[in-house]
2 protein chains.
Amino acid sequence: MRRVLIIGAGRSASSLVKYLLDKSDEENLEVIIVDISLENAQKLARNHINATAIEFDIFDIDSRQEVIRNSDIVISMLPARFHIEVAKDCIAFNKNLVTASYISKELMEMDEDVTSKGLIFMNEVGLDPGIDHMSAIQVIDRIKMQGGKIILFESFTGGLLAPESDNNLWNYKFTWNPRNVVTAGQGGVAKFIQEGKYKYIPYHKIFRRTEFLEIEGYGKFEAMANRDSLKYREVYGLDDVLTMYRGTIRRVGFTRAWNVFVQLGMTDDTFVMEGSEDMSYRDFTNSFLSYSPHDSVELKLRYYLNIDQDDVLWDKLLEIDIFNANKKVDLKDATPAQILQKILMESWALDKDDKDMIVMYHKFGYELNGVKKQIESNMVVMGEDDTYTAMAKTVGLPVAIATLKILNGEIKTPGVQIPIRSEVYKPILQELQNYGINFVEKEVPYLGYNPINQ
Amino acid sequence: MRRVLIIGAGRSASSLVKYLLDKSDEENLEVIIVDISLENAQKLARNHINATAIEFDIFDIDSRQEVIRNSDIVISMLPARFHIEVAKDCIAFNKNLVTASYISKELMEMDEDVTSKGLIFMNEVGLDPGIDHMSAIQVIDRIKMQGGKIILFESFTGGLLAPESDNNLWNYKFTWNPRNVVTAGQGGVAKFIQEGKYKYIPYHKIFRRTEFLEIEGYGKFEAMANRDSLKYREVYGLDDVLTMYRGTIRRVGFTRAWNVFVQLGMTDDTFVMEGSEDMSYRDFTNSFLSYSPHDSVELKLRYYLNIDQDDVLWDKLLEIDIFNANKKVDLKDATPAQILQKILMESWALDKDDKDMIVMYHKFGYELNGVKKQIESNMVVMGEDDTYTAMAKTVGLPVAIATLKILNGEIKTPGVQIPIRSEVYKPILQELQNYGINFVEKEVPYLGYNPINQ
């Protein structure tokens with residue numbers, strides 16, 4: 001039996017564990033699931049004969065080193081900041097490591113050690129980052145192989161609701177870490193390049209400078225710019241690309257409404273509000289509006305942000321109950337972002353049988369033999385239920401497939417890496433198709449950024 | 001002769017030096033002016049028989065300690081971050097110290113040493129901070145003495161143009177450090193309290209949430225909120241005050257136009273722009289707007305921020321030339337804020353005979369014997385010329401007066417402090433009147449925040 005150690009049994013580990021257990025007999029796998037909550041680990045183990053659930057504190061060095069020493073490969077599904085300790089142990093005990101997180105600087109600095117020991121530390125092999133890299137690089141490599149030159153690359157991903165569960169005015173519920181949704185876009189200017197021109201959007205304008213996209217069979221979506229669209233320019237070998245833009249997908253109308261929170265200052269996570277514990281939702285809203293001895297909070301907000309009373313935007317604000325004077329915030333020393341998150345979690349929690357949906361969309365513009373061409377490709381994945389969500393599938397399955405292929409020696413190149421080598425992305429994308437995770441691709445005329453073409 | 005050491009001979013030291021030299025015979029003063037630029041120091045010394053100008057590097061420990069050891073009192077007019085080294089030497093050599101800067105945490109921590117040695121480290125004794133503290137506390141102490149209870153305190157200060165030099169559309173030129181003007185309001189939410197309600201304004205809204213104020217004989221002004229209005233609540237003994245608001249004064253219309261820079265992202269000082277050196281002013285503006293192959297930068301900006309072509313706001317933007325395709329930024333690796341500063345310095349530099357103006361305005365609301373009352377008080381100071389500016393007078397004279405009074409033993413209480421003791425503020429405010437720096441005070445009905453009263 002070969003021991004696969006999975007550290008962290010959160011929601012996104014369900015499909016990952018299921019894949020490995022389903023293959024455990026034919027592949028001779030023993031799956032060890034460790035988590036700070038034994039219950040979480042047991043839930044994923046499902047009493048499977050090849051699964052073991054263990055309660056585990058990542059900061060207990062002895063037990064961490066013991067489980068890592070006794071494993072054949074390690075998957076860390078912990079929050080990214082905890083990977084580093086696991087990675088050090090993996091080097092010490094000569095174990096390969098797989099994560100779905102962005103490579104940190106500290107992890108990158110281990111590359112020499114990892115490579116010299118012939119180990120593989122595969123990162124960013126989930127959804128975003130993960131499937132986005134693999135599906136993009138596959139097309140980019142193919143175009144380059146044909147002799148084409150990439151001039152435009154745009155890539156968008158969104159964790160959304162399946163149409164059948166889309167039953168609130170925002171067309172949105174939390175299918176992923178709510179905190180990341182509330183603070184999305186903060187911490188710096190959004191930077192990208194379009195037709196050779198660098199563009200910068202400050203945080204308070206990100207939700208008003210969106211792009212539309214249409215996906216056949218699923219309708220219209222909008223996307224706001226990610227913070228650093230240029231990050232992978234070098235990694236993807238696109239140094240001379242004229243347009244490079246990465247964004248986050250929402251249903252049309254979401255960002256316009258979210259912008260209300262941004263304009264008011266409700267997404268700020270940098271300061272604690274006075275008396276937050278005893279505040280009502282109405283007090284919370286009012287603290288971002290001018291003082292008035294008689295005007296209502298509602299009218300002040302409508303005037304301040306120029307919202308018509310018959311604008312659906314207004315109904316969206318009513319739906320989440322931010323004018324309620326009876327509901328208490330009940331969070332001590334909370335930031336606006338923490339309070340907003342609490343308020344939204346009441347309205348945007350998934351119901352028991354709600355299903356989620358993942359949408360990914362790429363555009364590739366290129367020049368081949370003097371002719372400009374464009375390829376559009378998209379992936380839509382639906383969740384099965386509240387355990388095997390689209391998010392869990394798209395994050396967990398590529399991690400699981402990568403793990404098994406490393407274990408079986410099909411992925412060979414050592415080093416701290418992301419899945420942009422054909423040795424890695426080809427078999428993973430191939431196998432993902434068996435799980436309904438595949439891209440629909442079409443060739444379209446080159447549109448670029450000239451609206452006359454559109 | 002008693003030696004007064006002045007470290008830092010910048011523009012704000014002119015009136016300070018003049019005051020001390022004018023009194024040097026009767027008061028037996030020798031004024032030592034040291035600066036990194038000998039020319040600056042000599043300019044202020046004006047070959048006066050009691051003045052000595054010395055070239056001086058604050059980081060040259062030996063010469064710094066020598067001048068401090070040989071002085072009877074030290075004035076530091078350096079940027080605030082350099083005070084700490086001077087302060088350490090002052091403790092070592094038992095010298096009193098005077099500055100016009102905010103007390104840093106490090107300086108505050110010296111209080112025990114300073115007090116036990118019987119030394120006086122007087123800080124925040126310039127204009128703002130300085131005259132604002134003294135003039136406010138004088139009225140607050142008087143009201144408390146009468147048995148009144150302060151319920152409202154608002155305080156506003158602005159460095160502006162004298163009406164006779166007010167000849168651009170912005171009604172503004174740089175009379176003070178341009179960098180501070182460009183980055184004003186950044187680094188955190190603006191926080192204050194009005195009628196018992198805490199209010200928070202995010203940076204991108206500060207310039208749209210202004211207050212108006214009227215000063216007899218000088219017309220209407222506007223003020224935007226400072227970052228931390230509550231900072232002096234405890235220091236002023238106003239823990240139960242219902243309204244506390246501090247702001248920065250501009251001529252009406254300034255903030256509405258400045259808001260364009262904020263909305264675009266031009267005041268951001270946190271990132272370097274790609275290719276800033278070779279950018280034109282027009283490129284700079286365009287980098288904050290959507291890409292378009294045919295729409296003009298002008299139309300894109302007007303559409304984006306909804307500016308009518310006959311709005312004076314538009315003329316203000318034309319006046320500063322931000323659409324000029326021929327003027328080069330010519331700054332390597334510059335932030336948007338640095339580029340904006342350069343552009344504005346071309347339009348907003350003071351002409352040789354321009355005069356500046358300082359405006360300060362306080363409101364005090366209080367309850368006395370069950371009756372609510374209000375006092376408004378204001379100070380307007382005009383510059384004489386480009387050396388003895390209103391800024392130099394209002395910053396330098398209180399520093400100079402405090403220095404002489406400490407030297408003469410009239411200010412006695414030791415410790416690291418700000419000028420809120422009557423022993424300090426009374427004689428200083430009294431003497432400032434001889435220099436045309438005085439407050440006009442009037443009792444008005446209590447207005448508070450109820451517009452029905454206004």
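Proteins come first, then strands; the chains are lettered A, B, ... in the order of their sequence lines, and each starts at number 1.
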So which atom in B:Pro202 and which in A:Gly265 form the shortest heavy-atom distance, rounded to 0.1 Å?
CG-CA, 3.9 Å
Please find the pair of heavy atoms, one from B:Phe288 and one from A:Arg209, that lie closest to each other, and give the distance.
O-NH1, 3.0 Å
Side-chain heavy-atom pair A:Ser287, B:Tyr200 within 4.5 angstrom cut-off
yes
Interatomic distance, CD1@B:Ile193 vs OH@A:Tyr291, rounded to 0.5 Å, equals 11.0 Å
Is the CE atom of A:Met345 crowded by more than 12 outside heavy atoms at less than 6.0 Å?
no
For A:Thr270, which atoms come within 4.5 Å of any heavy atom of chain B: side chain, backbone, both, or neither?
neither
Within 6.0 angstrom of B:Lys328 NZ, more than 12 heavy atoms from elsewhere
yes
Worked verdict on B:Lys191 versus A:Glu274 for side chain to side chain contact (heavy atoms under 4.5 Å, CB included)
CA-CA 10 Å; B:Lys191 178 178 171 180; A:Glu274 299 274 346; 2.9 Å; yes
In terms of heavy-atom pairs under 4.5 Å, which option from A:Lys197, A:Gln263, A:Met273 contacts chain B the most?
A:Gln263
Hey, does the side chain of B:Lys199 reach the backbone of A:Leu289 with a donor-acceptor pair shorter than 3.5 angstrom?
yes
Measure distances from B:Leu264 to the heavy atoms of chain A and classify the residue's part below 4.5 Å as side chain, backbone, both or neither.
backbone
So if I take each residue of residues 304-313 of chain A and look for any heavy atom under 4.5 Å from a heavy atom in chain B, which residues do I end up with?
A:Tyr304, A:Leu305
Can you name the salt bridge (Lys or Arg N to Asp or Glu O under 4.0 Å) partners of B:Lys105, sequence neighbours left out?
B:Glu109
Taking OH in B:Tyr303 as the centre, count heavy atoms belonging to other residues, nucleotides or ligands within less than 6.0 Å. Is the count above 12?
no
